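What follows is a short report on a single structure.
Everything numeric in this text was worked out from a predicted model, so none of it was measured.
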Amino acid sequence: MNQPIELSLEQEFSLRTFSDQVQQMSREQTQEFLLMFYKQMIVRETTYQEMLKHQWELDSDAILG
């Protein structure tokens, strides 16, 4: 898993579009956006962890029940 993950052409296009939008933001807008984006990343990570726990039956209720 040391090899870098390559993006699809569609993902590359999306990244370029995103980059263009960020370049047009003010510093304040960019900082606000970055904080919002980071919060969404944390929520997504937590959601994935909870889904995996449920899928793998790692919930404390499942272990004790």
**OP:** Evaluate whether atom CE of M51 has more than 12 neighbouring non-hydrogen atoms of other residues, nucleotides or ligands under 6.0 angstrom away.
**Re:** no
Original post:
Heavy-atom count around L9 CG within 6.0 Å, excluding the residue itself: above 12?
Top reply: no
Subject >> Identified side-chain contact (heavy atoms from CB on, under 4.5 Å) counterpart of M25 within the set Q29, Q23, E28 >> reply: Q29
**OP:** Could you identify which residues cluster with L15, counting Ile, Leu, Val, Met, Phe, Trp and Tyr as linked when any side-chain heavy atoms lie under 4.5 Å apart, either directly or through a chain of such contacts?
**Re:** L7
Original post:
When hydrophobic residues are tied together by side-chain contacts of less than 4.5 Å, even through go-betweens, does L35 share a cluster with V43?
Top reply: no
Original post:
Counting N and O atoms only, with roles assigned by atom type, does the side chain of T46 sit under 3.5 Å from a partner on the main chain of I42, one being a donor and the other an acceptor?
Top reply: yes
Original post:
What do you reckon, is CD of E12 surrounded by more than 12 foreign heavy atoms closer than 6.0 Å?
Top reply: yes
Original post:
Does R27 have any salt bridge (charged side-chain N to carboxylate O under 4.0 Å, His left out) partners at least two apart in sequence or in another chain, and if so, which?
Top reply: none
Original post:
Which distance, rounded to the nearest 0.5 Å, do you find between the CD of E6 and the OG of S8?
Top reply: 10.5 Å
**OP:** State the CZ-OH distance between F33 and Y38, to the nearest 0.5 angstrom.
**Re:** 15.5 Å
